[in-house]
Number of protein chains: 2
Amino acid sequence: MTASHDMLKPHNSSADKSRVRLWLRLLRATRAIEGELRERLRTTYNVTLPRFDVMAALYREPEGMLMSQLSKYLMVSNGNVTGLIDRLTSDGLVQRTLRDGDRRTSVVLLTKAGRENFEQMADSHREWVNELLSHFSPDEAETLAETLKVFASDWEGEAR
Amino acid sequence: MTASHDMLKPHNSSADKSRVRLWLRLLRATRAIEGELRERLRTTYNVTLPRFDVMAALYREPEGMLMSQLSKYLMVSNGNVTGLIDRLTSDGLVQRTLRDGDRRTSVVLLTKAGRENFEQMADSHREWVNELLSHFSPDEAETLAETLKVFASDWEGEAR
DNA sequence: CTTAGATATTTTATATTTGAAATATTTTTG
DNA sequence: CAAAAATATTTCAAATATAAAATATCTAAG
């Protein structure tokens with residue numbers, strides 16, 4: 001299934017290594033930033049990163065999202081989303097509604113409290129990301145984002 | 001602490017957006033690749049991604065690592081490492097030793113079985129990463145890795 | 001209509017993860 | 001030395017996460 005066969009060359013390890021190195025850097029950079037954002041969200045707003053992610057996803061969709069859409073968009077399992085929404089619901093930040101003719105599905109959306117709560121956090125979040133990525137100029141950021149778009153969308157779910 | 005003050009401009013949102021967009025792309029790309037690797041490690045070798053990460057870290061250090069070094073290198077909490085090492089130990093892939101004069105510390109290293117196990121997986125892992133990042137030429141990968149190195153190292157622990 | 005299959009979500013069992021507190025040990029200070 | 005501070009790890013409770021199984025509902029074929 002791979003793009004290259006190894007009949008002529010048993011190992012093309014020089015090419016191999018650069019992509020592996022890129023992957024490790026990508027992973028470490030992302031983890032470092034994610035950890036810093038997690039910490040700041042916790043100390044400043046007493047919210048976990050997964051909760052913030054869910055609220056961010058829902059904020060973009062005023063009509064709400066299906067559980068399965070959330071799961072695909074956030075790239076986490078169905079069961080995970082169930083638990084997160086359960087807890088967010090019991091905190092009054094999110095609600096399930098049964099607007100469809102389809103009783104299997106439930107549309108999830110932010111409550112008024114949830115929207116207001118998220119809007120506060122979103123401002124800080126934007127500032128933090130700008131601070132943490134300040135090594136990139138806006139132009140560099142655009143370029144790099146465009147580069148990453150290409151290959152990320154290969155596995156991404158449509159999410160809407 | 002931030003590089004810019006907002007006395008003249010209350011919001012510099014155009015610059016803001018490009019970095020946030022970059023962050024979201026970075027996050028989604030990483031999650032997509034991570035998810036694919038997780039899936040392949042599970043179906044092919046019946047191993048979880050966190051376990052693979054621990055073994056990869058230990059493989060690079062034949063002398064072994066302290067729990068705290070592992071924790072810093074992998075950017076996860078101490079308690080997390082304890083649990084992972086507990087389970088890897090009971091599977092015979094890892095062992096704790098008390099080589100120091102310091103009885104607080106325990107040096108963790110791969111067993112023979114652990115090394116052999118990891119070597120098998122590492123080959124596949126390298127191929128998978130190359131496949132998943134095949135959109136990048138080796139040169140592009142080098143360049144991008146260098147770019148990411150700069151800002152990741154701001155928060156990275158030294159790890160050795 | 002009725003059953004087989006498809007779809008959406010929840011439940012379950014287990015593993016991972018965090019952050020705080022507890023424990024154990026070493027180092028430093030008076 | 002003895003007490004205090006620092007360091008390294010484990011324990012603990014709660015939240016997050018996965019994958020598989022169970023449940024509920026819808027759709028389609030006959």
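Just so we're clear, the structure is a prediction, and the values are computed from it rather than from any experiment. Order of the sequence lines fixes the chain letters, A, B, ..., with proteins taken first and strands second; residue numbering starts at 1 for each chain.
Positionally, the nearest nucleotide of DNA chain D for D102(B) lies more toward the 5' end than for the other of L84(A) and D102(B).
At dT18(C), none of the side-chain N or O atoms of T48(A) fall inside 4.0 Å of OP1 or OP2 (strictly under the cut-off). In this structure, R87(B) reaches the dT16(C) phosphate: one of its side-chain N or O atoms is under 4.0 Å from OP1 or OP2. Considering only side-chain N and O atoms, R42(B) lies nowhere under 4.0 angstrom from the phosphate OP1 or OP2 of dT14(C).
Across the protein-nucleic acid pair, N78(B) atom CG and dA24(C) atom P stand 17 Å apart, rounded to whole Å. For the pair M75(A) CE and dT18(D) P, the interatomic distance rounds to 11 Å; values are reported in whole Å. Distance L41(B) CG to dA15(C) P: 17 Å, rounded to the nearest Å. Following rounding to the nearest Å, R51(A) (CZ) and dA17(D) (P) show an atom-to-atom distance of 12 Å. The CG-P distance, from D91(A) to dA14(D), rounds to 15 Å in whole Å. Rounded to a whole Å, the CG atom of D53(A) is 8 Å from the P atom of dA17(D). Between the CG atom of L49(A) and the P atom of dA17(D) there is a distance of 8 Å, given to the nearest Å. Straight-line distance from the CG atom of N80(B) to the P atom of dT16(D): 15 Å, rounded to whole Å.
If you check distances only, the side chain of R103(A) never reaches the base of dT25(D) with a donor-acceptor pair under 3.5 Å.
The backbone N or O of F136(A) sits less than 3.5 Å from a side-chain atom of R19(B), completing a donor-acceptor pair. A donor-acceptor pair is defined here as one N or O able to donate and one able to accept, closer than 3.5 Å; such a pair exists between the side chain of T97(A) and the backbone of V107(A). Using modelled atom types, one side-chain atom of T111(A) and one backbone atom of L93(A) make a donor-acceptor pair closer than 3.5 Å.
Taking every side-chain heavy atom of S106(B) into account, dT10(D) is the closest of dT10(D), dT10(C), dT16(D). Each of dC26(D), dT9(D), dT18(D) was ranked by its minimum atom distance to the side chain of R38(B); first place goes to dT18(D). The side chain of E39(A) approaches dG19(C) more closely than any other nucleotide in the set dT9(D), dG19(C), dT9(C). Side-chain atoms of T105(B) lie closest to dT9(D) of the nucleotides dA20(D), dT9(D), dA8(C). With dA15(C), dT9(C), dA8(C) as the choices, the nucleotide that has an atom nearest any side-chain atom of R104(A) turns out to be dA8(C).
Across all strands shown, S68(B) has heavy atoms under 4.0 Å from sugar-phosphate atoms exclusively, and none from any base. Residue-level contact check: G83(B) touches neither bases nor backbone, having no heavy atom under 4.0 Å from any strand. Counting any heavy atom pair closer than 4.0 Å across all strands shown, G101(B) reaches sugar-phosphate atoms only and no base atom.
The side chain to side chain contact (heavy atoms under 4.5 Å, CB included) test with V108(B) is passed by exactly one of M67(B), E61(B), M65(B): M67(B).
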Practice prompt. Determine, stepwise, if the pair D86(A) / R96(A) fulfils salt bridge (charged side-chain N to carboxylate O under 4.0 Å, His left out).
Written response: CA-CA 9 Å; D86(A) 283 352; R96(A) 289 177 165 95; 2.9 Å; yes
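Figure legend: R40(A) and Y45(A) shown without cation-pi pairing, the cationic atom not lying both under 6.0 angstrom from the six-membered ring centre and within 45 degrees of its axis.
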